A.B. asks: 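Encoded as structure tokens, here's the structure I'll be asking about.
Since this is a predicted model, take the numbers as computed values, not measurements. Per chain, numbering begins at 1; letters A, B, ... match sequence-line order.
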Amino acid sequence: MEGYKGFWVFIEQLQGRISDVGLELLAKARELADATNTYVGALLLGDFAEDKAKELFGYGADKVFLFSHPHLQIYHSLAYTKLICQAVKAEKPEALFMGATPLGADLAPRVAARLETGLSAHCVDLRLGEDGVLEQIVPGFGGAMMAVIVCPEKRPQMATVMPGVFPKLEPQERQGEVVPMEVALEEADLKPKVVEFKAKEQKTVALEGASVVICGGYGMGSKENWQLLEEMAKLLGGAVGATRPAVDEGWAPEEVMIGQSGKIVHPKLYIGAGISGVMHHVVGVQDSEIIVVINKDPNAPFFEVCDFGVVGDATQVLPALIEKLKERLQVD
Amino acid sequence: MPEAVVCVKPIPDPKHWDRLSLDPKTGVLRREGIPTVINPLDKHALEIALQLKDNFGWDATVVSMAPPETTQTLREALAMGADRAFLASDRQLAGADTLATAYTLAGLIKKKAPHFQLVLCGNMSLDGSTSQVAPQIAHYLGVPHITHVSKVQTQDGSTFQVTMDLKLAQLVLEGQGPMVLAVTKEVNLPRLVNIMGILAAEKKPLEVLSASDLDLDPSKVGQEGSPTRVRNLFMPEIKRRREILKGEPEEVAEELVNRLHQVGML
Amino acid sequence: MDFKLSEREELLRKSVAEFAQREIAPLVEEMEKTGEFPRPLIKKMGDIGLLGLVTSPEYGGNGMGFLARAIAVEEISKVSAAVGIALQVHHMACWPIETWGTEEQKKKYLPPLTKGDTLGVCSITEPSGGSDVFGMQTTARDEGDHWVINGRKCFATNSHVSDIMVIVARTGEDAKGRPAFSAFIVEPSYEGFSLGHEENKMGFRGAFSGELVFQDCKVPKENLLGKLGEGLKIGLATVNRVGRPGMASIGVGLCYASLEEASKFAKERVLYGKPISNLQAIQFLLADIYALAEAARILNYRANWMMDQGLPCDTEMTLAKYVATENAFQCARMACDIHGGYSCILEYPVQRFLRDAWVSIPSGGTSQVAKVVLGRHVVKNF
């Protein structure tokens with residue numbers, strides 16, 4: 001549409017640390033901007049010096065709109081909405097992307113409503129249609145259906161995008177412009193007031209409704225090794241489940257047994273360790289979005305129905321996995 | 001009495017989503033024979049309202065925008081204990097995206113429950129999974145919103161401590177109504193419907209309103225008022241990836257973490 | 001004719017199904033192992049209104065009626081037929097108390113029964129036989145200011161979780177010299193009452209079936225239920241109009257439980273590269289289960305609807321009971337066929353449906369007893 005230029009990305013930060021999803025979206029925005037001869041804009045809100053903003057050039061940003069103020073260190077929906085909408089109205093970007101994180105999902109709809117523009121949620125892909133309109137690929141019905149969403153008549157075209165779907169760029173030597181933005185806030189913009197900010201406690205959750213399930217089988221070998229599952233579950237904010245043989249060995253209580261006569265789970269991520277995959281267990285986990293199987297027997301039937309299979313002894317793979325996850329999630 | 005408004009969305013029963021299909025000719029979603037249920041998270045929102053009713057004497061009002069045959073789902077909300085229900089139902093409202101839906105629901109709330117203290121929503125509907133409607137309702141009502149709410153506490157029924165779950169952190173916010181809260185399943189365990197409730201619900205008011213009852217701008221409702229369009233639908237081939245990783249534990253662990261990140265699991 | 005359930009009944013079905021999933025499903029495995037009824041469930045069933053389905057609001061019930069009860073017992077039995085029979089026999093205590101009880105009896109006994117303080121018992125069967133009512137040995141002797149009961153009742157559902165029991169005992173002879181019977185309300189705290197042997201059953205595991213032992217048991221005068229000599233009428237009406245449709249509802253629940261498990265398994269089980277649900281041999285079995293289930297349900301709903309309308313329905317109730325429990329066994333058997341070897345593994349519930357269906361057949365009168373009633377009806381009316 002006439003007069004609208006640039007692909008913008010909202011850069012999410014938590015206590016001054018920039019999350020990956022913003023950088024991933026910069027890479028996608030870069031690709032879309034190059035294809036249409038326009039620029040990539042980044043919105044950085046927080047309590048930052050210019051140096052931090054400049055880091056974003058390497059990930060694909062041409063312009064960084066920097067809103068720096070102590071009040072912006074912690075997320076306030078109304079304050080963030082106000083500042084972002086002011087910038088959008090002044091600069092008229094073609095599109096604005098945010099991460100489909102809790103923060104992004106809280107902020108983006110409010111921004112879209114104030115701008116009276118369209119927003120698609122939890123996109124798993126973005127592409128340009130033949131007519132130059134942005135096509136946003138959105139899963140519905142838990143992934144049973146996919147929809148191609150467009151916003152033909154309003155600008156900016158807005159989308160929240162699932163973390164992880166686009167790889168971020170390796171930082172390059174690139175130049176760009178930091179645009180310092182005025183931050184004028186009123187008391188009403190900071191309501192409801194934040195009374196506490198706490199890093200989330202790492203803990204396991206109940207099996208029912210858990211979005212991550214780490215399940216152990218007979219191949220875990222001992223009650224001592226079972227601790228590895230607990231540690232994994234804590235790390236991922238998930239729950240530990242067990243197969244019947246593991247319960248029979250006394251490694252786990254009966255309440256966490258998964259399968260035909262136990263609980264049926266449907267997490268986003270299921271990891272089965274030391275489980276061969278007999279039918280009465282598999283029926284309890286088959287609705288999981290992603291199934292990971294770790295088993296030393298390469299012929300275990302569970303590998304037939306997995307997304308990612310690791311051939312190896314679970315008691316050796318899990319410690320390595322825990323280390324790598326800690327690195328990735330930056331947990332000590 | 002302070003009033004809590006609960007937004008309820010009837011959705012096709014998630015237990016039967018394997019029966020969803022696309023009409024091969026028109027590309028339209030077919031959901032015949034699949035029963036309609038209350039979006040599960042909305043029951044958690046209703047439970048908050050019912051606890052405010054039990055503990056502080058609040059009124060609990062349910063609102064929805066849906067086809068007229070969904071009144072039985074609202075009757076269920078009444079059977080759980082809500083006092084009254086309003087359903088905006090009109091061909092003119094059909095085909096609404098989240099923005100038009102939020103505009104319509106906000107209009108319904110302004111008309112029927114203008115003095116609300118809280119508007120409570122499920123954090124997302126399981127079918128569309130957008131999580132967008134609650135903040136947008138808040139925009140149209142001109143009040144603050146908090147989404148991803150995993151805990152609501154109040155001593156006096158007027159000041160609320162609300163925990164918002166970010167992925168790696170939690171914010172505890174404190175505020176008073178009017179405001180909009182969108183809750184996750186961690187917030188409570190919704191009560192079951194009891195038989196006395198079913199009988200009582202038959203005597204409770206359930207009003208169906210048309211678009212013209214609501215003082216809405218016709219250019220902002222339904223498909224007409226929706227900035228987004230569905231260009232097309234398709235059913236993804238759901239197949240397990242069956243990628244087998246072999247090697248030393250460190251190598252496969254690294255590889256697996258990369259794959260999990262790529263598919264959005266970390 | 002209107003075969004559509006009302007919004008009220010549909011909502012009832014959904015709510016009871018949710019209750020059963022949330023509150024009963026997690027208990028089933030333990031019930032199967034121990035054979036014990038989960039006592040905390042009684043209060044929960046009371047809170048949700050299940051215990052007051054056939055009791056008027058003035059005595060603490062909700063009076064939704066017999067069709068509603070059929071739906072509720074069916075949904076409960078889909079998850080646990082043992083809880084289904086506990087519930088239905090409980091109703092067999094509530095109904096005669098409301099129908100024949102004095103105002104004092106109704107006020108005293110119905111509120112605790114409907115609230116969930118206790119489950120009711122209704123017991124006629126004795127070691128000497130159930131259907132041969134004239135062979136009943138238990139006697140009640142008039143001692144002026146109280147009754148003294150001697151004898152034994154067996155297979156009494158809810159025996160070990162009940163504080164309020166309706167029983168029938170012999171109280172002499174009528175004018176023609178035939179044995180006369182009367183009904184009584186007995187509390188287990190009465191002097192001379194004790195609980196006897198508790199059966200270890202192959203099915204309905206988790207529902208108590210025990211002996212009630214009366215040794216010079218002193219029962220207050222005012223606990224005679226109905227008039228002197230009305231015991232047989234009360235007992236038989238309760239069995240015919242409450243017990244049989246209750247068993248029928250359990251049978252219907254088992255039919256649908258088998259249908260759902262069989263269909264689920266057939267779609268999940270892959271042989272020769274395809275789910276076995278693609279095979280006609282399996283589809284024929286599924287079709288038969290479906291046909292038997294639907295037929296049983298419709299017969300049962302009709303009989304209960306007639307009861308709600310106040311129409312005579314003893315024959316229809318017997319027919320529904322006979323068909324539903326026999327069909328339940330057939331359906332479970334075919335569901336087991338579809339499961340093949342897996343039907344022998346306790347992880348899969350179809351083996352439980354088979355055992356429960358078997359036990360449902362003699363409960364409330366064997367199929368042969370039912371056929372005596374139905375055969376007589378045919379000879380007389382066609």
Side-chain angles (χ1 to χ4, degrees), chain A residues 14 77-78 101-103 105-106 109-110 112-114 117-122 135 140-142 144-154 162-165 191-200 209 268-269 290-291 303 305-312 316-317 320-321 324-325 328-329, chain B residues 14 17 20 29 97-99 102 126-132 135-136 138-140 144-148 161 165-175 179 185 227-236 240-246 249-250 252-254 256-257 259 261-266:
Chain A
L14 190 66
S77 59
L78 292 180
T101 59
L103 195 158
D106 189 89
R110 186 102 196 194
R114 189 172 294 189
T117 188
L119 169 65
S120 63
H122 301 101
E135 294 188 338
F141 295 101
M145 198 67 65
M146 304 294 273
V148 180
I149 307 285
V150 292
C151 176
E153 285 152 19
K154 298 281 177 116
M162 294 299 287
V165 296
K191 281 193 169 167
K193 67 169 190 272
V194 176
V195 290
E196 199 184 348
F197 174 93
K198 47 187 178 190
K200 211 157 155 185
K268 291 178 91 63
L269 173 62
I290 292 287
I291 292 180
F303 285 122
V305 293
C306 75
D307 291 285
F308 304 114
V310 175
V311 181
Q316 287 165 24
V317 174
L321 194 54
K324 298 289 173 195
L325 278 171
R328 174 71 63 149
L329 300 171
Chain B
W17 284 357
L20 290 168
L29 186 68
D97 71 0
T98 63
L99 192 69
L126 285 189
D127 56 347
S129 310
T130 69
S131 309
Q132 291 178 179
Q136 300 193 323
H139 165 77
Y140 284 116
H145 74 265
I146 307 171
T147 62
H148 301 79
Q161 288 81 36
D165 251 349
L166 302 172
K167 211 164 184 178
L168 298 169
Q170 290 184 325
L171 291 182
V172 182
L173 299 108
E174 190 173 276
M179 58 182 170
K185 61 176 181 290
T228 62
R229 299 269 183 280
V230 178
R231 188 160 268 184
N232 60 288
L233 291 174
F234 61 96
M235 297 187 83
R240 293 289 172 194
R241 293 171 178 76
R242 289 174 64 182
E243 281 185 47
I244 305 298
L245 313 173
K246 289 180 183 166
E250 287 72 27
V252 286
E254 172 91 46
L256 181 60
V257 170
R259 299 295 160 90
H261 179 70
Q262 281 162 14
V263 295
M265 286 296 149
L266 298 183

A.B. asks: Do Met235(B) and Met146(A) come within less than 4.5 Å of each other through their side chains, counting heavy atoms only?
C.D. replies: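 In short, these two side chains do not touch, never coming nearer than 4.5 Å.
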A.B. asks: Has Glu196(A) got a side-chain atom pairing as donor or acceptor with Leu171(B)'s backbone, closer than 3.5 angstrom?
C.D. replies: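 Not a single qualifying donor-acceptor pair exists.
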A.B. asks: Measuring from Thr130(B):OG1 to Leu119(A):CG, what's the distance to the nearest 0.5 Å?
C.D. replies: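 CG of Leu119(A) is found 8.0 Å from OG1 of Thr130(B).
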A.B. asks: Measure the shortest side-chain to side-chain distance between Leu321(A) and Leu256(B) over non-hydrogen atoms and say whether it is less than 4.5 angstrom.
C.D. replies: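 Leu321(A) reaches Leu256(B) side chain to side chain.
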A.B. asks: Side chains of Leu166(B) and Thr101(A), heavy atoms from C-beta outward: is any pair under 4.5 Å?
C.D. replies: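 Result no, sub-4.5 Å side-chain heavy-atom pair not found.
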A.B. asks: Which bit of His139(B) comes within less than 4.5 Å of chain A, counting heavy atoms only: side chain, backbone, both or neither?
C.D. replies: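 For His139(B), backbone and side chain are both near chain A.
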A.B. asks: Short question: side chain of Asn232(B), backbone of Val148(A) - any donor-acceptor pair under 3.5 Å?
C.D. replies: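 Checking the backbone N and O of Val148(A) against the side chain of Asn232(B), no donor-acceptor pair under 3.5 Å is found.
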A.B. asks: Which atoms of Leu103(A) are under 4.5 Å from chain B, going by heavy atoms: the side chain, the backbone, both sets, or neither?
C.D. replies: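 Answer is both: backbone and side chain atoms of Leu103(A) are under 4.5 Å from chain B.
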A.B. asks: Hey, what do you get for CD (Gln132(B)) to NE2 (His122(A)), rounding to the nearest 0.5 Å?
C.D. replies: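 The NE2 atom of His122(A) is 8.0 Å from CD of Gln132(B), to the nearest 0.5 Å.
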A.B. asks: Below 4.5 Å from any heavy atom of chain B, which atoms of Lys268(A) appear? Answer side chain, backbone, both or neither.
C.D. replies: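 It is both, since atoms from each part get that close.
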A.B. asks: Looking at Leu233(B) and Ala147(A), what are the two nearest heavy atoms and their distance?
C.D. replies: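 Looking at all heavy atoms of both residues, the closest pair is CD2-CB, 3.5 Å.
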A.B. asks: What is the distance from atom CG of Leu173(B) to atom NZ of Lys193(A), rounded to the nearest 0.5 Å?
C.D. replies: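 Interatomic distance, Leu173(B) CG to Lys193(A) NZ, rounded to 0.5 Å: 10.0 Å.
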A.B. asks: Can you tell me which portion of Leu269(A) sits under 4.5 Å from chain B's heavy atoms? Options are side chain, backbone, both or neither.
C.D. replies: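 The answer is both parts of Leu269(A).
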A.B. asks: Kindly say whether Asp106(A) contributes a backbone atom to a donor-acceptor pair with the side chain of His145(B) at under 3.5 angstrom?
C.D. replies: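 Present.
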A.B. asks: Between Thr117(A) and chain B, which part of the residue has a heavy atom less than 4.5 Å away: side chain, backbone, both or neither?
C.D. replies: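 Backbone of Thr117(A) only, per the 4.5 Å heavy-atom cut-off to chain B.
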A.B. asks: Between atom CD of Gln316(A) and atom CD of Glu250(B), what is the distance when rounded to the nearest 0.5 Å?
C.D. replies: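 Rounded to the nearest 0.5 Å, the CD-CD separation comes out at 9.5 Å.
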A.B. asks: Answer yes or no: is there a side-chain heavy-atom contact under 4.5 Å between Ile244(B) and Cys306(A)?
C.D. replies: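 Heavy-atom side-chain distance check passes, below 4.5 Å.
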A.B. asks: Determine yes or no for a side-chain-to-main-chain donor-acceptor pair under 3.5 angstrom, with Asp307(A) supplying the side chain and Arg241(B) the backbone.
C.D. replies: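 Looks like yes, one N/O pair under 3.5 Å.
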